[in-house]
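First the proteins, then the strands, lettered A, B, ... as listed; each starts at 1.
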Number of protein chains: 2
Amino acid sequence: MATGDDRTTRARVRTITDLARIAGVSPGTVSRALAGKSLVNAKTREKIVGLAREHGFRPNQMASGLRRQKTGVIGVVIPLGHDARQQISDSFFMTLLGYLADELTQEGYDLMLRRVVPGEDADWLDRFIGSGMIDGVIVIGQSDQFALIEDVADGYLPMVVWGNHKEGQRHCVVGTDNRLGGRLAAERLIAAGARRLAFLGDTGPIEFAARFAGAEDAASRMGVSLVALPTLLSPDRASEEIAAHLAAHEGEIDGIFAATDTLAALCLAALREGGIAVPETVRLVGFDDLPIARQTAPPLTTIRQDIAAGAHGLVQLLLRRLAGEETESLVLPPQLVIRQSA
Amino acid sequence: MATGDDRTTRARVRTITDLARIAGVSPGTVSRALAGKSLVNAKTREKIVGLAREHGFRPNQMASGLRRQKTGVIGVVIPLGHDARQQISDSFFMTLLGYLADELTQEGYDLMLRRVVPGEDADWLDRFIGSGMIDGVIVIGQSDQFALIEDVADGYLPMVVWGNHKEGQRHCVVGTDNRLGGRLAAERLIAAGARRLAFLGDTGPIEFAARFAGAEDAASRMGVSLVALPTLLSPDRASEEIAAHLAAHEGEIDGIFAATDTLAALCLAALREGGIAVPETVRLVGFDDLPIARQTAPPLTTIRQDIAAGAHGLVQLLLRRLAGEETESLVLPPQLVIRQSA
DNA sequence: AGGAATCTTGCAAACGTTTGCAAATTTCCC
DNA sequence: GGGAAATTTGCAAACGTTTGCAAGATTCCT
């Protein structure tokens, strides 16, 4: 057996031409056989496929990509607006990335990942698209690059973005209805007895701004107060910042809507530290429904984003755009998950 | 201005030949100019680079890759041994992935991500390597594929694996000294007053087995007992399982070493549920030092893996292997982080 | 049996870069 | 000013695959 293997494997077969020589046919035929085209005789195909397997041959994707003018690779890019956001956003974006990997694999695409810092590289999106390495691109998070993305969208069809939907925008986006989510959160706090609300989080990023706006909608409709407690979101500083906010508003707040479960968890720790009972004294609602939401004490009431559905939507829309179709954006409904913090 | 732009951009310049025509030189010269080679006259280069920028031209990476026989892409593959492990492993692996993305970008490489289920696709590693799309590969986690990875390592140099180091193995691995970590955990539990220890986690995966072995070392040396409480690690079932374990060993255990912070967090919840005081009645130590470890109540004492250092090591070793060097494995020291759970 | 219709195959030209080689140009030195 | 040396360019052949076209086999029908 070993000798047999040695003999057949002796000259490594790396190209379709090598295989053609061994099989006694032309390279074109091998190509057609391996591609499973119907233009090749069944017996010939069988023989070629057998030989390919035996020699562990796989056609070179680069050459194939070059010739066919498509690569079978989808680019996934995460713009990091300010470094500070990076760590906080990780948990959510990374989970989304995992689902994306699964969805794309299932559709036969590979995934090329890039993190970029737009500040250092104004050209990030064009560069990725122009590289010729990817058939389409998924942008995870608009960060502060809304305008640039809009520009690119005008001349480049196969792009889908995870983020917030804004009336009349030109790029195709998939995302949760943040405003509705914010409303649900505030309504829950109010239903749980809160009358003096606070929003914990930076209102700069567009998604967070929408969550805040939704909360404002509910608060003003129900006639309760709402104050914004901006945080830098830098993971090291967030804890102190939150504690400072809580101290500054001691006794003036009885319901907190955190922009993110991660922030909510930190907030919960700060409240515990301060001896403030949750949910008795202060009610708390998070956003995302990350795994951590289940594991805090008490478990977090939160607004769930359906990450799996989001990934699915991103990929399906992208596929249709790859086929040349102009697609609409997709706005997913958030869902209130009641646990024990509110 | 608009007219000027229109005129120059009129015929989209997509290939190096297009640009050559405009610049009045040969394609070869353009190629050399853009590559920054010294064989081209400074003035010519300047002109060409200027035109390239003006027209937003970027050389096609596929063609370049094909010709140069290198792609500038590193494959990162996550084998999912059994589906069950997937979700639990996410938190740690995804963080590692983030750091890898940064390290690789910094070195000028792109990252191609693949998740594979070895059970469904026995050929996963060869297929990735043979695709011709990547210059090297980083495997995140050995899962249950140790033997297969060893085989591949014999014939393929540019591969580095995150995982456990085993005496005499042939593939280059970067990872934490799990056994030492296990010892540190057990020693901490004992120092905190525990005498009847338990290990919470599946001892199947090789990393976890090593952690358990390390704990055994310490336990037997110090003359305390240690029992293994295997868990399936499927996220839905884990909670119930842990609760069952705790109930079964009620009062017989005063120190728990959880294989993972995620498990430790679940365990903490179960203990709280059962009204068992931590760390007074039962001491608890986790592993990884994930962000969550800081946010539980009480915060977790845990064994820290330096993920950033791991990512750095993986990339540096891979680079040396790409240069043809045979490299040794890299074993990183774990670090005990004392918080309040033990 | 003879030709039309259908299958299979081979040929050769792409896909867009890079690069060894040699030709053309410039610079330098005596 | 003349030739050697150095610099700058162009030419054309790769890299490994796919695919339109046409030629060669087969099959089928009358």
* Q69(B) atom CD: more than 12 heavy-atom contacts under 6.0 Å -> yes
* Within-4.5 Å side-chain heavy-atom neighbours: D110(A) and I74(A) -> no
* Structure fact -> Rounding to the nearest 10°, end axes of the helix from dA1(C)-dT30(D) to dC30(C)-dG1(D) built from five pairs each make an angle of 40°
* To do: Using a strict cut-off of less than 4.0 Å between a Lys/Arg side-chain nitrogen and an Asp/Glu carboxylate oxygen, indicate whether D121(B) and R114(B) qualify as a salt bridge.
  => no
* **Heavy-atom side-chain proximity of L51(A) to L19(A) below 4.5 angstrom** => yes
* Whole angstrom value for the distance that separates C1' of dC7(C) from CZ of R45(A) -> 13 Å
* Asked: Reading nucleotides 15-28 of chain D 5' to 3', which nucleotides get B (base under 4.0 Å from a protein heavy atom), which S (sugar-phosphate only), which -?
  -> BBBBBB--------
* In whole angstrom, give the distance that lies between atom CG of L19(A) and atom P of dT9(C). => 14 Å
* Applying ring pair (Phe, Tyr, Trp, His ring centres under 6.0 Å), name anything that partners F146(A), two or more places apart in sequence or on another chain. => H171(A)
Could you list the donor-acceptor pairs under 3.5 angstrom formed by side chains in residues 310-322 of chain A, with sequence neighbours left out?
from, atom 1, to, atom 2, distance (Å)
H312(A), ND1, E103(A), OE1, 3.0
H312(A), ND1, E103(A), OE2, 3.3
Q316(A), NE2, E107(A), OE2, 3.1
R320(A), NE, E325(A), OE2, 3.2
R320(A), NH2, E325(A), OE2, 2.9
R321(A), NE, T327(A), OG1, 2.7
R321(A), NH1, L157(A), O, 2.8
R321(A), NH2, T327(A), O, 3.3

* Quick one: are P118(B) and L148(B) in side-chain contact, heavy atoms under 4.5 Å? -> no
* Structure fact -> Sorted by chain and residue number, the side-chain hydrogen bond (donor to acceptor under 3.5 Å, both in side chains) partners of S26(A) (sequence neighbours excluded) come out as T29(A)
* Please work out which residues in residues 125-132 of chain A have a non-hydrogen atom less than 4.0 Å from an atom of DNA chain C and list them by number. => none
* Taking atom types as modelled and ignoring hydrogens, do the side chains of Q145(B) and W124(B) form a donor-acceptor contact shorter than 3.5 angstrom? -> yes
* Between atom CD1 in I48(A) and atom P in dT8(C), what is the gap in whole Å? -> 13 Å
* Asked: Is the shortest side-chain N to carboxylate O distance from R58(B) to D123(A) below 4.0 Å?
  -> yes
